[in-house]
Amino acid sequence: MAHSKTFVVEDPKDPALGWTFNLSTWPDGKNFTAGDILVFNYDPYDHNVVKLPESGYNKCKATKNFTSYQSGHDRIPLEKGWNYFICTFDYHCEEGMKIAVYAA
C-alpha cells in the first residue's frame, strides 16, 4: 500500500513566507505522485490558491474549471498529471505567484 506524502509550498530561503512570489522553481528536485498533499500557508487577506487548467495558468486567469481555496492553510491533494496553481489577487500571478507540479 502506497502512502501519500505531504509537501509544504514555501520559499526555501525563507520558509516563514509560505506561499509567496517567485516559487516557480519550488518543485525542482521533488518527486510527486497522485494523492500527495500540497500545503499552502499564507495570509488569506493577501493571497489565495486557485487550482486550474494549464490554459488559465498560462494566462494567469481563472476562467473555468477551477477550484479556489482561501483558508490560509490549504491542503490540496495532487491529481495524476500536471497540477497548476496560481494566486488570483491583483497581478500576483503575473508577478510570479504560481507553480506547476507533475504527479506520476
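All values reported here derive from a predicted model rather than from experimental measurement.
- With a 4.5 Å cut-off on side-chain heavy atoms, I76 and I37 do not count as touching.
- Tracing side-chain contacts under 4.5 Å through hydrophobic residues (I, L, V, M, F, W, Y), one never reaches Y84 starting from V101; they form parts of separate clusters.
- Closest approach of P53 to K64, counting heavy atoms only: CD-O, 3.6 Å.
- Checked by atom type and distance alone, the side chain of K30 pairs as donor or acceptor with a backbone atom of W26 at under 3.5 Å.
- Residues passing the side-chain hydrogen bond (donor to acceptor under 3.5 Å, both in side chains) test with D36 are T33, sequence neighbours excluded.
- One finds the CG atom of L23 at 11.5 Å from the CG atom of D28 (value rounded to the nearest 0.5 Å).
- Of all the heavy atoms in G35 and S4, the pair that sits closest is O-CB, 3.1 Å.
- Relative orientation of the H47 and F21 rings is perpendicular, given thresholds of 30° and 60° on the angle between their planes.
- Screening F66, Y69, Y57, F40 against F85 for a ring pair (Phe, Tyr, Trp, His ring centres under 6.0 Å) leaves a single residue, F40.
- For N31, the CG atom is loosely surrounded, since the number of other residues' heavy atoms within 6.0 Å does not exceed 12.
- Two residues are said to be in side-chain contact when any heavy atoms from C-beta on lie closer than 4.5 Å; V8 and N41 meet this criterion.
- Taken from OG1 in T20 to CG in D46, the straight-line distance is 9.5 Å, to the nearest 0.5 Å.
- Between the OG1 atom of T63 and the CG atom of N65 there is a distance of 8.0 Å, given to the nearest 0.5 Å.
- Cys pair C93/C60: SG-SG separation is below 2.5 Å.
- The two residues C87 and N48 come nearest to each other via the heavy atoms CA-OD1, 3.4 Å.
- What you find for S71 and P44 is that their closest heavy atoms are O-CG, 4.0 Å.
- Contact annotation: the side chain of K51 approaches that of N83 to within less than 4.5 Å [non-hydrogen atoms, C-beta and beyond].
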Step by step, work out the ring pair (Phe, Tyr, Trp, His ring centres under 6.0 Å) result for F7 and F32.
CA-CA 9 Å; F7 297 89; F32 303 97; 4.7 Å; yes
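- One hydrophobic cluster, built from ILVMFWY side chains closer than 4.5 Å, holds both I99 and Y42.
- Side-chain atoms of V9 and V39, non-hydrogen and from C-beta on, never get closer than 4.5 Å to each other.
- In terms of heavy-atom proximity, A34 sits nearest to A103 at N-CB, 3.7 Å.
- Think of Y45 as one node in a network of Ile, Leu, Val, Met, Phe, Trp and Tyr side chains linked at under 4.5 Å; it has no links at all.
- For the atom pair NZ (K59) and CG (L52), the distance works out to 11.0 Å, reported to the nearest 0.5 Å.
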Criterion side-chain contact (heavy atoms from CB on, under 4.5 Å) on I86 and H92, from CA distance to verdict:
CA-CA 8 Å; I86 67 172; H92 288 196; over 6 Å; no
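- With values rounded to the nearest 0.5 angstrom, L17 atom CG is found 11.0 Å from N22 atom CG.
- Judged purely by atom type and a 3.5 angstrom limit, D74 has no side-chain atom pairing as donor or acceptor with the backbone of V49.
- Considering every non-hydrogen atom in both Q70 and S68, the closest pair reads NE2-OG, 3.5 Å.
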